[in-house]
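Take a look at the structure below.
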Amino acid sequence: MSSIQLYDTTLRDGAQREGVSFSVVDKLDITRKLDEIGVHFIEGGWPGSNPKDVEFFEKAQSLTLSHAKLVAFGSTRHPKGKAQTDANLRALANAGVKVVTIVGKSSDLQVTQVLETTLEENLSMIADSIGYLKAKGLTVFLDAEHFFDGFKTNPDYALRVLEVAAEAGADCLALCDTNGGALPDEITVAIEAARKLTTIPLGIHAHNDSGLGVANTLAAVNAGAIQVQGTINGYGERCGNANLCSIIPALKLKMGIDCVTNEQLAKLTEVSHFVSEAANLPPDPFSPYVGSSAFSHKGGLHVAGITKWADSYQHIDPTQVGNQPRVLVSELSGKRNIIYKSREKGIDLPLQGKEAEKLLEQVKLLESRGFQYENAEASFELLLHRAKPDYQPPFTLVDFMVIVESRRRSPTRKSPEDSLSEVMIKVKVGTEVIHTAAEGNGPVNALDEALRKALLQFYPSLAQVRLVDYKVRILEESGGTGSQVRVLIESSDSVEEWRTVGSSTNIIEASWLALADSLEYWLLKQKAVGSSTK
Ligand SMILES: [Zn+2]
């Protein structure tokens, strides 16, 4: 074990985030993932507080963790009670784990105002509870709740709590910024004071209410804390906990603390996404280190820079944390974005001079008409292909006609069956012109059906392609129903997803452009072009 211990509380404190609820299966899966990235301690939950956590600890017995130790969480005995008969402490002792963490108050005001007991009784509660758990042969960590607030109002008492816990046999004293209001230099001063008092390892448990969860954690490590508590993606109550996805790479790559291996660090992005998936939250693209935009480049000058020197506009090599650089194509793009992008796509374009400029002009023109390629890379890739003089599209549109008929027999019947959409379409594949018609539950659906009907006879594998998302955005709201609209389509073949874009003042036309791009892109990917059977 390195000198730093990583302590994850995603499953307990992280689950306090609004809207997050992990099932027992989620918790077991997340535990395995945390073990894979080299977390030393995984706090699984509070067995004394709910049946789901009891079930988790039961099922976790059969997990084989290669690295991490499971931790059960609870609180000190009740005021005026006995540790031996305290249900919560018993649940901890019976959770089937070797390590437990208990939370105890270390702020005088919290003791008198909230716990409504005496300062002395609080010290006894901490000492008795630790003594009880130590007698059961457990490793015991204390979470000193509100330590930094307590250190401001009554430093002697806050430090006395640590002393009492150390004497009772605690194995680590984790100092908590429970309300997340401390500043890094306050953390430093308080940790240094605690270090003078005891040789028991200190830990830090920071919340992010001031946006300083990570900064406070790193300040604590610099001041001598060795246990770092946090959550994946910074999930937690209110503004969250200190984010391990930022802390782990900072420790390893910037502070030279070898807390995980290179291979473990390279799984960080994957684990971040895995946990957001389990939490049913979309991954935050703007997360430091692990977000999809963390290493994306939009400005042309920046792209010119990274084309010459990869590190010119990035603070680390993204692959170290399992992320990757991404170049966005947009109005701001320089010629080099286009060159970089075409290289990335493996498209052999003679883009050294005029071609790249021409393509860039075209992108700018199309963007001024409402197309946007930042999130429609498949459409952009098609632009690159179309810039090649010998490009043969797998199909081209001759024309289409849309009929939308609304039949309202009575004002009370407005069901969709009463509205008919029909499309007739002519497309050209090679030298052949195919004429088909289809109905649908709306004009876009009918268009999709008719196009597929025409193309399936040439490209049967197209049957795998599904439309998974269809978004329409109005570009100038003031234009009302006459506005320019942008349609974004996401498609999937069950292996890969891709996004295409279309824009027009006509919603059907915009949909057609995005739809046709989607199928054309997939056909190119399958190299079906030229191998059509007819
Ligand atoms: Zn907390």
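Along the sequence shown, residues carry numbers from 1. Both backbone and side-chain heavy atoms feed into the values below; hydrogens, waters and symmetry mates do not. Remember, predicted model here, so these are calculated numbers, not experimental data. Just so you know, ligand 1 is whichever comes first in the structure, and atom 1 is the first atom listed for that ligand.
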Check all N, O or S atoms of Asp13 and name the one closest to the Zn ion (ligand 1).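 Asp13's closest N, O or S atom to the Zn ion (ligand 1) is named OD2.
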
If you check every N/O/S atom of His207, which is the one nearest the Zn ion (ligand 1)?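 Nearest to the Zn ion (ligand 1) within His207's N, O and S set: NE2.
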
Close side-chain approach of Arg326 and Ser293, heavy atoms under 4.5 Å: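 Side chain of Arg326 against side chain of Ser293, heavy atoms only: contact under 4.5 Å found.
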
Please tell me whether His315 and Tyr289 form a close aromatic pair, meaning their ring centres lie under 6.0 Å apart.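 Here the rings of Tyr289 and His315 have centres that are less than 6.0 Å from each other.
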
Is a side-chain donor or acceptor of Lys27 paired with a backbone partner of Phe56 at a separation under 3.5 angstrom?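 No, the answer is negative, given that no donor and acceptor are paired below the 3.5 Å cut-off.
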
N, O or S from Cys176 under 2.8 Å to the Zn ion (ligand 1):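 No, Cys176 does not qualify, because none of its backbone or side-chain N, O or S atoms lies under 2.8 Å.
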
Is the closest side-chain donor-acceptor distance between Asp171 and Thr139 under 3.5 Å?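 Thr139 and Asp171 do not have a side-chain donor-acceptor pair below 3.5 Å.
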
